[in-house]
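Working notes, structure below.
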Amino acid sequence: MQITEIYKSIQGESTHAGLPCVFVRLTGCNLRCSWCDSEYTFTGGRRMALEEVLKEVERLSPGGGLVEITGGEPMLQEREVVPLMKHLLDAGYQVLLETSGERPLARVPKQVIKIVDVKCPHSGEPDTFALANVEALQPHDELKFVLTDRTDYEFARDFVLKHALAERVHAILFSPAFEKGASGSRDTSHCLLDPHELAQWILDDNVPARLSLQIHKLIWDPAAKGV
Ligand code: SF4
């Protein structure tokens, strides 16, 4: 499979935020989100055999722990990434899969925790989540909505309620988009939507969502890669 990088860091998002995690970042994406902070994954990388990836994960986190398969869009390499996820599970790892949900998710092993990033109107990639994937969601999965403004928030709120998603998954995450190319200050000033404002909207509407901040961008320089 084509890999951009494999590294160990603190998980920055989802309900697993704060935990040590090995990231296996696959190369290539078929979307072009306006706020994407992973454009360096669109091209390049290097071919790695399944055994080579497993060995590197084992070196970084011997004997188990948390592994996130991410990208880019990892499901573009489904033929190779599904066996990788199975081997990681068999080896005792807890596996997260970060995906846009644009590709079919039915063949993802059931024990994998899917973090599905449903694209909102101002991502530049609206309506890309495949609705058929709702049926592939497991009770331990999580749905993430990255928000830039009130329009995005209302889309996410209405989408969650319309498809009764809070009853289907473990967590609904509403995350303010982060300014692309931000560097320097490690605080929420780079958020395109003020978390304070988002918090108030969630409270006003009593939405069953949790406000999620990308804590890796509050720990390290927002421009840092491989953290
Ligand atoms: S799906 Fe992810 S990697 Fe692809 S463009 Fe959007 S944010 Fe970037």
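Each ligand, and each atom within it, is numbered from 1 in the order the structure gives. Just so it is clear, the values below take in all heavy atoms, side chains as well, and ignore hydrogens, waters and symmetry mates.
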- Query: Is His216 atom NE2 crowded by more than 12 heavy atoms from other residues, nucleotides or ligands, each under 6.0 Å away?
  - Reply: yes
- Message: Keeping to distances under 2.8 Å, can you name the protein N/O/S atoms close to atom 8 (Fe) of ligand 1?
- Response: Cys36 SG
- Should Glu80 and Arg47 count as an ion pair when the cut-off is N to O under 4.0 Å? yes
- Salt bridge check: are Arg103 and Glu78 linked by an N-O gap of less than 4.0 Å? no
- Report, in ascending order of atom number, the atoms of ligand 1 lying under 4.0 Å from any heavy atom of Trp35. 7 (S)
- Under a 4.0 Å N-O cut-off, is there an ion pair linking Lys144 with Glu98? yes
- Message: Starting from atom 2 (Fe) of ligand 1, what is the nearest protein heavy atom, named by residue and atom, and what distance separates them?
- Response: Lys119 NZ, 4.2 Å
- Does ligand 1 have an atom that lies less than 4.0 angstrom from a heavy atom of Glu102? no
- Task: Look at the aromatic rings of Phe174 and Phe145 and report parallel, tilted or perpendicular, splitting at 30° and 60°.
- Result: perpendicular
- Are the side chain of Gln77 and the backbone of Gln2 linked by a donor-acceptor contact shorter than 3.5 Å? yes
- How close do Glu102 and Leu31 get, heavy atom to heavy atom, and via which atoms? CG-CD2, 4.5 Å
